[in-house]
Number of protein chains: 2
Amino acid sequence: MSDTEPEGPSSGAPSASSERTTVRRGVGRADYRMEAVLAIIDAAPICHLAVTTGRGPLALPLAHGRIDDTLYLHGAPANSVLNAGLDSGVCATFTVLDGLVVARSPFHNSMNYRCAVVMGTPRRIDGKEKLPALRAVSEHVAPAWGHGRAPSEQELRRTLVVAMPIEEASAKVRTGDPLDDPEDLDGPWWAGTVPLTSTWGPPLDAADLGPDIAVPPAIASFARAGFRSEVG
Amino acid sequence: MSDTEPEGPSSGAPSASSERTTVRRGVGRADYRMEAVLAIIDAAPICHLAVTTGRGPLALPLAHGRIDDTLYLHGAPANSVLNAGLDSGVCATFTVLDGLVVARSPFHNSMNYRCAVVMGTPRRIDGKEKLPALRAVSEHVAPAWGHGRAPSEQELRRTLVVAMPIEEASAKVRTGDPLDDPEDLDGPWWAGTVPLTSTWGPPLDAADLGPDIAVPPAIASFARAGFRSEVG
């Protein structure tokens, strides 16, 4: 993920940037349009949440959901990274890896990827906002919420949910071929890309599933339609 | 990624743990064996590197490589997250997402995944260690190093490479079915998993590739053999 990158103006108006979310390397690949950020948040099945703790930096993978321009995360009430984030602020990083970029020189090897970064300080939510937030997280990957039993009051109390506005954000995207040095283009070395695709497979019944309970259509069709990352 | 998790003894002897890498939630899924940590580092095509900056926590995706129990990362000399990590210390997080876990109650929805966390303070490397380190990063995904031209002295100078011992580390793995409440098992709701698989596709020639240059066997066979995450 570190070839020589084109330096140039970012595409689109800077609508989601701040001083600390300004992309510092490979600025030609930066994109501050909110729609670019949201598209990557929606495409990534999980995020990595980075926080600062008394023991140093920490990043852990978390499921996430989104309603409009609010990001939702959830976990157990004692979840270490969520609780630390309420104090330290967070960096939520959403990455979709699209492929390997093989250049004529290893120096220009790279990856094709889409990455969005959202910074801010989450707030704990309770009350009426909690149920739709949990539904957004649950349905971020698959529209499975409606098929099961509703959560109980006790289950809601036993879940920590935080919200953060998607305001300070940036996206960085690399697509396409390697960018080799001009003098290498006539060399005998192969150059190209190897695409990486992620695909949801057919649903598998739980071993303890009773007889005659079919996969809900929403889950069956989600898995058929699949999540396929784009060829980079 | 936050269902009710089995609490129990971790498997294997604690050989890679420290106070700050002790898993605090879902301790039954924690694994401190070095071999478990290394297997996840090897299976993840990229990592997320978390650091602490003057502007707050930051995590960005990076390519990585490994020789024995040393982790290598590289980037441009001004790479923000690598340079911050030399000061603040880092948390390198390696995640492979294996599937969606659909429970009878959304409260027990989860993901199947493999995650390793390595903490420490990297050191900048130069001299004789640099070339093998770059090769390890370059070949972490595909054995493509030997097919191209060798890096020049100038290219080596223009690359920042850091090394970190894989000493303070832990792994956390979730596999298998949802863990529903006993009283829900007779309900009418479907439960199961939806596996997620990542696959490398056939290599694509760069548009500026000259005639009669074939895909190197090492890259062709890598893409054929593919990277397939295990069904969770």
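Order of the sequence lines sets the chain letters (A, B, ...), proteins ahead of strands, with each chain counted from 1.
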*So what's closer than 4.5 Å to chain A heavy atoms on A92(B): side chain, backbone, both or neither?*
neither
*Is chain A contacted by the side chain of P106(B), its backbone, both, or neither, given a heavy-atom distance below 4.5 Å?*
both
*Please determine, among A206(A), G148(A), S88(A), the option with the most heavy-atom pairs under 4.5 Å with chain B.*
A206(A)
*Under 4.5 Å, counting heavy-atom pairs only, tell me which of T53(A), V215(A), L60(A) racks up the most with chain B.*
V215(A)
*Could you tell me how the ring of H64(B) sits relative to the ring of F94(B): parallel (under 30°), tilted (30 to 60°) or perpendicular (over 60°)?*
perpendicular
_Shorter than 4.5 Å, heavy atoms on both sides: which option in D212(B), D184(B), D186(B) has the most such pairs with chain A?_
D184(B)
*Based on non-hydrogen pairs under 4.5 Å, which of G187(B), A214(B), P151(B) is most in contact with chain A?*
A214(B)
*May I ask you to check whether W190(B) and D205(A) show a side-chain donor-acceptor distance below 3.5 Å?*
yes
_Any donor-acceptor pair under 3.5 Å linking the side-chain atoms of N112(B) with those of T175(B)?_
no
*asked:* I'd like to check V162(B) versus L86(B) (side-chain heavy atoms, cut-off strictly below 4.5 Å). Are they in contact?
replied: yes
*For R149(A) and E155(A), what are the C-alpha separation, side-chain angles and deciding distance, and is it a salt bridge (charged side-chain N to carboxylate O under 4.0 Å, His left out)?*
CA-CA 12 Å; R149(A) 80 158 163 78; E155(A) 287 173 338; 2.7 Å; yes
